[in-house]
Amino acid sequence: MSIIVKNITKLYGEQRALNDVSFTIPSGQVVGFLGPNGAGKSTMMKVITGYLQPNSGRVLVNGMPIDTENIDYRRNVGYLPEHNPLYLDMYVKEYLSFVAKVYDLGRLSNRRISELVELTGIRHEQNKKIGQLSRGYRQRVGLAQALLNRPSVLILDEPTSGLDPNQIVEIRKIIMDVGKEKTVMLSTHIMQEVEAICKRVIIIDRGKIVADDSTSQIMAYATGGNQSVLVEFIEDVDVEEIKSIEGVVDVTGVSEKSWLLNSQNSNDLRPSVFSFAVDKGYTIITMQQKARQMEDVFQQLTNSQS
């Protein structure tokens, strides 16, 4: 296992930011680490990277325990914090060279910097001061420094926060490419991002893990496997008639002639809706299966209203 977290508890005064948290992440997984604000995400990531010491419990990365003085532990972990701390008065390449010296990369530093400049798409910006860069390019520089020491584990805390849609797509592609050969733990509030790049999701709420499974399984068991269908008729259809459709347990009016139908199990409702329309002589304009979104599941599991 790349990351092993065992019974981690972290206190801030009397507040339990992390309450007996345990999970493991094997090599080569891209894992979404989700939770509402204040749930303990950033605290957990800082504990894994060695920036914070827990009050109790253990963290192992590639079999090595947390040790802030152990350079081998540091070399195994790359970290991009939520608020990307960069030296704004330094030039991009100058900053990466500085970080390379911190990791004592020696003669390999120039080659490694060149590789990352290409990977993160900052070649045309490398001779600019970091303070002159857009937020998107600053995030790229942050990713480059996190990858500089060739870590086997990459911890990314809100890497696409505040970026425009084009920048989000670009950073997401870099993460997906990196995730092919590294273990990536990714914190984000963008649920579409989780669905797009994470094979597994860990959800934390009030310092405790409330879900930990593959993305598809979390979607399934959090919703009970129920299916929904959005259907629009030409005619005015009475809601009581719609409720009589086999398998329908809940009906919501979307517009005057559109209805959202929820099933009682994982069976596809569309054949029953079609048969209903034929029997009653109604005409269906559109009908589509509506997939449950990760945002819905997140709210269900954390009781979040935002």
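FYI, the numbering just counts along the sequence from 1.
- Note on Glu170 versus Lys173: no salt bridge recorded, every NZ/NE/NH1/NH2 to OD/OE distance being 4.0 Å or above.
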| task | Evaluate the side-chain contact (heavy atoms from CB on, under 4.5 Å) criterion for residues Ile175 and Arg172: first the C-alpha distance (whole Å), next the side-chain angles of each, then the deciding distance (0.1 Å), finally the verdict. | result | CA-CA 5 Å; Ile175 294 170; Arg172 186 184 296 169; 5.6 Å; no
| said: The test is salt bridge (charged side-chain N to carboxylate O under 4.0 Å, His left out); show your working for Arg112 and Glu115 and say whether it passes. | reply: CA-CA 5 Å; Arg112 182 59 178 157; Glu115 291 173 355; 3.0 Å; yes
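- For Ser152 and Asn62, the side-chain atoms include at least one donor-acceptor pair closer than 3.5 Å.
- The closest side-chain heavy-atom distance from Leu34 to Ile202 is not below 4.5 Å.
- Residues Thr9 and Asp20 have side chains that never bring a donor and an acceptor to within less than 3.5 angstrom of each other.
- Using bins of under 30°, 30° to 60° and over 60° for the plane-to-plane angle, the ring pair Phe23/Phe33 lands in the tilted bin.
- Between Glu94 and Lys129 there is no salt bridge, since no side-chain nitrogen of the basic residue lies less than 4.0 Å from a carboxylate oxygen of the acidic one.
- Side-chain contact check for Glu193 and Thr188: at least one donor-acceptor pair (N or O, by modelled atom type) lies under 3.5 Å.
- Tested against Tyr12, the residues Leu18, Asn55, Leu52 include a single side-chain contact (heavy atoms from CB on, under 4.5 Å) partner, Leu52.
- Side-chain atoms of Pro151 and Asn76, non-hydrogen and from C-beta on, never get closer than 4.5 Å to each other.
- For the residue pair Glu195 / Thr215, no side-chain donor-acceptor distance below 3.5 Å is found, with atom types taken as modelled.
- With sequence neighbours excluded, no residue satisfies ring-ring contact (aromatic ring centres under 6.0 Å, His included) with Phe274.
- Between Thr183 and Ser27, the side chains place no donor N or O within less than 3.5 Å of an acceptor N or O (distance only, hydrogens not considered).
- The side-chain hydrogen bond (donor to acceptor under 3.5 Å, both in side chains) check on Glu241 picks up Tyr282, with sequence neighbours excluded.
- Using a 4.0 Å cut-off between charged side-chain N and carboxylate O, Arg123 and Glu118 make a salt bridge.
- The minimum heavy-atom distance between Lys243 and Val251, with the atom names listed, is CG-CG2, 3.7 Å.
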